[in-house]
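What follows is a single structure, written as C-alpha cells, with notes after it.
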Amino acid sequence: MLSFYFAGIRFSDVIMLKWKDFIDNRLNYRMGKNNKLVSLKIPQKVFKILNSLDKNDKSVFLFNELEGVNLKDKKRLKTRIKTVNRNFNRRLEIVASKAGIDKKLTMHIARHSFGNISGNKIPIQMLQKLYRHSSVTTTVLYQSNFIQEDTDDALDKVVEF
C-alpha cells in the first residue's frame with residue numbers, strides 16, 4: 001500500500017525507505033533507479049501504516065529485511081532486494097488465493113494500480129512528476145497500458161451511430 005499511496009514508488013525504493021526519510025509530513029528519498037531526489041507529501045492513510053510497523057531504537061529501515069545489510073556492497077544489496085521482493089510476492093500469492101483473486105498479485109501491481117486509477121484523473125504532466133519520469137514520452141507510453149476509456153469512447157462514437 002505504501003507504494004500505491006506514494007504514486008507507485010518502486011519496490012526497490014520502498015524496501016530501502018528509512019525512518020529518517022520521513023520529515024515534516026514529507027517523504028524525502030533518493031530513487032535507486034536514477035538517483036533523483038524525491039519529496040512527496042505523506043498521505044493521511046500512510047500514517048496508519050507507519051504506526052503499525054515495528055520500530056525500535058535501533059531500527060534504520062521501515063522494513064527490517066535490510067537491517068544489517070552492507071549498503072556499500074551493491075551486488076549483495078541488489079541480490080537481497082530481489083530475494084525480499086520474491087518472498088513478498090509469494091506472500092501475495094497466498095493472500096490472493098485466500099481472497100479468491102484470480103489475477104497474479106505482485107509488489108509491482110501497486111505501481112500499475114496507481115497508473116490505472118489515475119489515468120483519466122490527472123494531467124499527463126503531473127503524472128510525469130508523480131512517476132518521477134525524466135520524459136513525458138515515457139509517461140505517455142506507460143499510461144497507454146492503462147487508458148482504455150478514451151479508446152472505448154472513440155470506438156463507440158464510430159460503431160454506435
Side-chain angles (χ1 to χ4, degrees), residues 1-96 98-99 101 103-119 121-139 141-143 145-146:
M1 290 309 298
L2 283 177
S3 174
F4 177 82
Y5 289 140
F6 285 119
I9 181 176
R10 290 175 183 84
F11 174 78
S12 56
D13 290 332
V14 170
I15 203 68
M16 291 287 296
L17 290 178
K18 298 175 180 140
W19 290 105
K20 69 177 186 175
D21 295 335
F22 294 84
I23 303 167
D24 296 330
N25 293 323
R26 298 196 69 78
L27 166 61
N28 301 288
Y29 75 100
R30 191 165 298 278
M31 289 176 59
K33 184 174 182 178
N34 57 20
N35 217 28
K36 286 183 182 176
L37 191 58
V38 177
S39 180
L40 296 168
K41 172 188 167 189
I42 302 173
Q44 279 304 123
K45 294 179 179 183
V46 169
F47 289 106
K48 186 174 181 180
I49 295 170
L50 294 176
N51 290 331
S52 73
L53 297 174
D54 292 330
K55 181 183 180 187
N56 62 46
D57 295 339
K58 296 180 182 180
S59 296
V60 174
F61 297 97
L62 263 59
F63 301 97
N64 62 9
E65 282 77 6
L66 294 184
E67 295 291 351
V69 174
N70 180 359
L71 301 181
K72 292 180 181 176
D73 186 344
K74 298 299 181 190
K75 185 176 180 180
R76 182 163 285 170
L77 177 62
K78 185 176 181 180
T79 300
R80 181 67 184 143
I81 290 172
K82 281 185 178 181
T83 301
V84 172
N85 190 23
R86 187 173 51 246
N87 290 339
F88 277 36
N89 287 340
R90 286 180 183 149
R91 291 179 194 157
L92 284 173
E93 285 178 28
I94 294 167
V95 169
K98 288 183 177 183
I101 298 171
K103 292 188 177 194
K104 184 176 180 179
L105 293 185
T106 66
M107 295 302 296
H108 196 69
I109 290 285
R111 191 165 174 82
H112 287 267
S113 296
F114 183 86
N116 196 15
I117 292 169
S118 66
K121 298 178 180 175
I122 300 173
I124 199 74
Q125 291 83 1
M126 185 54 62
L127 280 173
Q128 177 190 359
K129 288 180 181 180
L130 288 171
Y131 285 142
R132 285 86 55 199
H133 287 156
S134 298
S135 164
V136 73
T137 305
T138 303
T139 307
L141 290 171
Y142 190 79
Q143 283 303 110
N145 295 310
F146 311 116

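The figures that follow rest on heavy atoms only: side chains count, while hydrogens, waters and symmetry mates do not.
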(request) For the pair Asn25 and Lys41, evaluate side chain to side chain contact (heavy atoms under 4.5 Å, CB included) and give the outcome as yes or no after the intermediate values. (result) CA-CA 6 Å; Asn25 293 323; Lys41 172 188 167 189; over 6 Å; no

Side chains of [X] and [Y], heavy atoms from C-beta outward: is any pair under 4.5 Å?
X	Y	result
Met31	Arg10	yes
Leu27	Tyr5	no
Phe6	Val46	yes

(request) Specify the closest pair of heavy atoms between Ile109 and Lys104, including all atoms of both residues, with the distance to one decimal. (result) CD1-O, 3.7 Å

Could you state the interatomic distance from [atom1] ([X]) to [atom2] ([Y]), rounded to the nearest 0.5 Å?
X	Y	atom1	atom2	result
Phe47	Ile42	CZ	CD1	4.5 Å
Asp21	Ile23	CG	CD1	7.5 Å
Leu92	Met107	CG	CE	6.0 Å
Asp57	Lys55	CG	NZ	9.0 Å
Ile15	Ser3	CD1	OG	11.5 Å
Leu77	Lys74	CG	NZ	6.0 Å

[X] side-chain N/O to [Y] backbone N/O, donor-acceptor pair under 3.5 Å:
X	Y	result
Glu67	Val60	yes
Asp73	Asn70	no
Asn85	Ile81	no
Arg30	Lys36	no
Trp19	Phe61	yes
Arg80	Glu65	yes

(request) Would you list the pairs meeting ring-ring contact (aromatic ring centres under 6.0 Å, His included) in which at least one residue belongs to residues 75-94, sequence neighbours left out? (result) Phe11-Phe88

(request) Please name all residues satisfying ring pair (Phe, Tyr, Trp, His ring centres under 6.0 Å) with His133, sequence neighbours left out, ordered by chain then number. (result) Tyr131, Tyr142

(message) For Lys121 and Ile117: C-alpha separation, side-chain torsions, deciding distance, then whether side chain to side chain contact (heavy atoms under 4.5 Å, CB included) applies.
(response) CA-CA 8 Å; Lys121 298 178 180 175; Ile117 292 169; 4.0 Å; yes

(message) Using side chain to side chain contact (heavy atoms under 4.5 Å, CB included), reason through His108 and Asn89 one step at a time and then give a plain yes or no.
(response) CA-CA 9 Å; His108 196 69; Asn89 287 340; over 6 Å; no

(request) Give a yes or no on whether Asp54 atom CG has more than 12 heavy-atom contacts from other residues, nucleotides or ligands under 6.0 Å away. (result) no

(message) The test is side chain to side chain contact (heavy atoms under 4.5 Å, CB included); show your working for Leu62 and Leu2 and say whether it passes.
(response) CA-CA 11 Å; Leu62 263 59; Leu2 283 177; 3.9 Å; yes

(message) Assess, by modelled atom type and distance only, whether the side chains of Asn28 and Ser39 contain a donor and an acceptor separated by less than 3.5 Å.
(response) yes

(request) Quick one: list whatever passes side chain to side chain contact (heavy atoms under 4.5 Å, CB included) with Asn56, sequence neighbours left out. (result) Lys58, Ser59

